[in-house]
Asks: 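Have a look at this one.
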Amino acid sequence: MPVTSLPDWISEFSRPDHVWYLKRLSANDTLANGSHQAGPYFPKELLFKVLPGIGDRNVLNPRLSLSAFIDSDIDIRTVSAIWYNNRYFGGTRDETRVTGWGGGASALLDPENTGALAVFVFENGNSPGGATSLHVWVCSGYQDEVVEDLVGPVEPGKSVVWTPGQQLSLFVPPATPSSCSLLPSEMPSSWLQAFPSAADIVRRAVELRPLQSQTADDRLVRRRKCEFEIFKSVEEALVGPKVTAGFGSLDEFLSLAQTVLQRRKSRSGRSLELHTREIFIEEGLKEHQQFSHGAVSEGDKRPDFIFPSVTAYKDTSFPADRLRILAAKTTARDRWRQVLNEADRVPVKHLLTLQEGVSENQFAEMEAAGLKLVVPQSTIASFPSAIRPKLITLDQFIADVRLLT
């Protein structure tokens, strides 16, 4: 049990001399993949900033010890931050690691926490001498929503670095513009008057990344990255001038910050679903005939996709074993059970997710409940080896639903 509530913990560690690092734990971070070097990945640049003592090129494999408190689970460790730098001594290795989490006894490495949002706070990480301790919270249930209300969405495979008190970093454009970044002159004039819809931004990403020769899985992953870059470009064009002009009051600033965060969360929630719909159409599936998007199955239940159509679903003479539904959720942990009740007639549900792995125990729960995971081909390697043969790629799912009509 935690020693405090998450809101109190956030309040305690929201200080400008602290540095936060947030990520969703992959199966490679936990012990879900059986790795002997399990432990969350930390970018080298981040560790050099918060622990400057390990950045010495003149020392082979410099390291520092640090007290780590996993406050969500009352777990205290002494961990070691190491820069394996033999590249500068005739070798090839150049990476940082944080070790000593305690193996299977560590709450942080628990396979059941695969997919959980983890918050790492380097206490005094902004001070010249570096961090004095590390505090960790591994979110359970829907605690990640509390954290994302503060810092914005944290998607699988991505991370967020945040310093409390420097909220203006919410609006900082990327240091290096990408090939999908747009200048204001490259945007439709209407986008500069009001923020475009999620569907409009997705369509622009499709235009910039047609990728017709690539698999559906690759198109999905690459387009979502492109779409986020477009989104950030529009955000900078619309919000940047307001930030530059300054604010008349703290309330005015907080109101804008909250608007930005909520828009980012809304975009993250809809993005996967909208990209998937575009790919279905590209693959020759006819909407309303071979799939229905956002249709009501019964009552107030509205699956993301019904196959071959909502008309077939509501025709009681249509065989139930030829019906499919697909939910699209960036993360599966703690949310997969929502899918089970989305369509009464469909005995086996499908969930498309970008989460990088689940534990074998949780996957067994999913199987027993009649849920199948659909994941991009590129993420299969992040799942435990025993699970991989049972995963379905988006291409494989499309091949299956083609045969339903």
Side-chain angles (χ1 to χ4, degrees), residues 148 152-158 173-174 177-239 259-288 290-295 302-307 325-331 350-355 374-379 393-395 397-398 401:
E148 290 183 324
V154 184
E155 295 198 351
K158 308 293 183 182
S178 73
S179 58
C180 284
S181 298
L182 300 177
L183 297 172
S185 59
E186 298 172 309
M187 301 175 191
S189 59
S190 60
W191 288 18
L192 300 176
Q193 304 302 316
F195 215 96
S197 69
D200 286 340
I201 296 179
V202 167
R203 282 192 287 268
R204 187 58 178 269
V206 173
E207 292 174 4
L208 292 176
R209 292 286 185 272
L211 306 173
Q212 293 300 319
S213 63
Q214 299 193 14
T215 67
D217 297 86
D218 289 341
R219 268 177 278 158
L220 177 65
V221 172
R222 292 188 61 187
R223 285 175 179 172
R224 282 196 84 248
K225 180 179 179 181
C226 178
E227 174 236 335
F228 183 60
E229 292 162 355
I230 296 170
F231 178 92
K232 293 296 294 291
S233 297
V234 180
E235 186 177 77
E236 171 62 18
L238 290 179
V239 179
T259 297
V260 169
L261 289 172
Q262 289 303 318
R263 186 187 292 123
R264 289 184 183 180
K265 288 183 67 177
S266 176
R267 169 261 161 197
S268 178
R270 288 276 287 161
S271 169
L272 183 60
E273 175 188 342
L274 293 174
H275 279 290
T276 303
R277 176 183 176 273
E278 290 291 330
I279 287 173
F280 286 155
I281 294 172
E282 288 176 347
E283 291 296 308
L285 299 181
K286 296 180 179 179
E287 192 164 8
H288 310 302
Q290 292 175 288
F291 76 94
S292 296
H293 175 223
R302 193 182 293 270
D304 292 333
F305 300 97
I306 299 176
F307 304 86
I325 70 160
L326 178 71
K329 297 181 182 295
T330 54
T331 62
H350 288 78
L351 169 61
L352 172 64
T353 184
L354 303 179
Q355 183 169 306
V374 180
V375 301
Q377 177 69 46
S378 59
T379 67
T393 67
L394 183 57
D395 275 301
F397 180 80
I398 292 171
V401 298

Asks: What's the spacing between I201 CD1 and C180 SG if we round to 0.5 Å?
Replies: 12.0 Å

Asks: Taking atom OG of S292 and atom CD1 of I325, what is their separation to the nearest 0.5 Å?
Replies: 12.5 Å

Asks: Side chain to side chain contact (heavy atoms under 4.5 Å, CB included) between L272 and L352: does it pass, once the steps are laid out?
Replies: CA-CA 9 Å; L272 183 60; L352 172 64; 4.1 Å; yes

Asks: Going by the rule ring pair (Phe, Tyr, Trp, His ring centres under 6.0 Å), which residues pair with F305 if we only count those two or more places apart in sequence or in a different chain?
Replies: F280, H293

Asks: Report yes if the side chains of E287 and I281 come closer than 4.5 Å at any heavy-atom pair, otherwise no.
Replies: yes

Asks: Output yes when a side-chain donor or acceptor of T393 lies under 3.5 Å from a complementary backbone atom of P376, and no otherwise.
Replies: no

Asks: Just jot down the salt bridge (Lys or Arg N to Asp or Glu O under 4.0 Å) partners of R219, sequence neighbours excluded, or say none.
Replies: E282, E283

Asks: With sequence neighbours left out, what residues match R302 under salt bridge (Lys or Arg N to Asp or Glu O under 4.0 Å)?
Replies: none

Asks: Under 3.5 Å, side chain of Q290 to main-chain N/O of K286, donor-acceptor pair present?
Replies: yes

Asks: For the residue pair S233 and M187, what are the closest heavy atoms and their distance?
Replies: O-CE, 3.4 Å

Asks: With heavy-atom distances below 4.5 Å as the criterion, would you say the side chains of L326 and F291 are in contact?
Replies: no

Asks: Please step through side chain to side chain contact (heavy atoms under 4.5 Å, CB included) for the pair K158 and F228, ending with a clear verdict.
Replies: CA-CA 12 Å; K158 308 293 183 182; F228 183 60; over 6 Å; no

Asks: Going by side-chain contact (heavy atoms from CB on, under 4.5 Å), F195 matches just one of V234, T259, V239. Which one?
Replies: V234

Asks: Between R264 and E148, does the salt bridge (Lys or Arg N to Asp or Glu O under 4.0 Å) criterion hold? Intermediate values first, please.
Replies: CA-CA 10 Å; R264 289 184 183 180; E148 290 183 324; over 6 Å; no

Asks: Taking the side chain as C-beta and beyond, is there a heavy-atom pair between R209 and S179 under 4.5 Å?
Replies: yes

Asks: What heavy-atom pair brings L220 and L394 nearest, and what distance separates the two atoms?
Replies: CD2-CD2, 4.1 Å

Asks: Restricting to salt bridge (Lys or Arg N to Asp or Glu O under 4.0 Å), what partner residues turn up for E278, sequence neighbours left out?
Replies: none

Asks: Rounded at 0.5 Å granularity, tell me how far OG1 in T276 sits from CZ in R223.
Replies: 10.5 Å

Asks: Tell me yes or no: between the side chains of S378 and R222, is some donor less than 3.5 Å from an acceptor?
Replies: no

Asks: Just jot down the side chain to side chain contact (heavy atoms under 4.5 Å, CB included) partners of S271, sequence neighbours excluded, or say none.
Replies: R224, E227, R267, H275

Asks: Partners of K225 by side chain to side chain contact (heavy atoms under 4.5 Å, CB included), sequence neighbours excluded?
Replies: E229

Asks: Does the pair D395 and Q377 meet the rule for a side chain to side chain contact (heavy atoms under 4.5 Å, CB included), with working shown?
Replies: CA-CA 9 Å; D395 275 301; Q377 177 69 46; over 6 Å; no

Asks: What closest approach, in Å, do L261 and G152 show between heavy atoms, and which atom pair accounts for it?
Replies: CD2-N, 3.3 Å

Asks: What is the minimum heavy-atom distance between I398 and L285, and which atoms define it?
Replies: CG2-CD1, 4.5 Å

Asks: Quick one: pull up CG in D218 and CD1 in I279 and give me the separation to the nearest 0.5 Å.
Replies: 9.5 Å

Asks: Write down the atom of L274, the atom of A199, and the distance for their closest heavy-atom approach.
Replies: CD1-N, 3.7 Å

Asks: May I ask you to test the L208-I230 pair for a side-chain heavy-atom distance under 4.5 Å?
Replies: yes

Asks: Is a side-chain N or O of D304 found less than 3.5 angstrom from the main chain of A328, in a donor-acceptor match?
Replies: yes

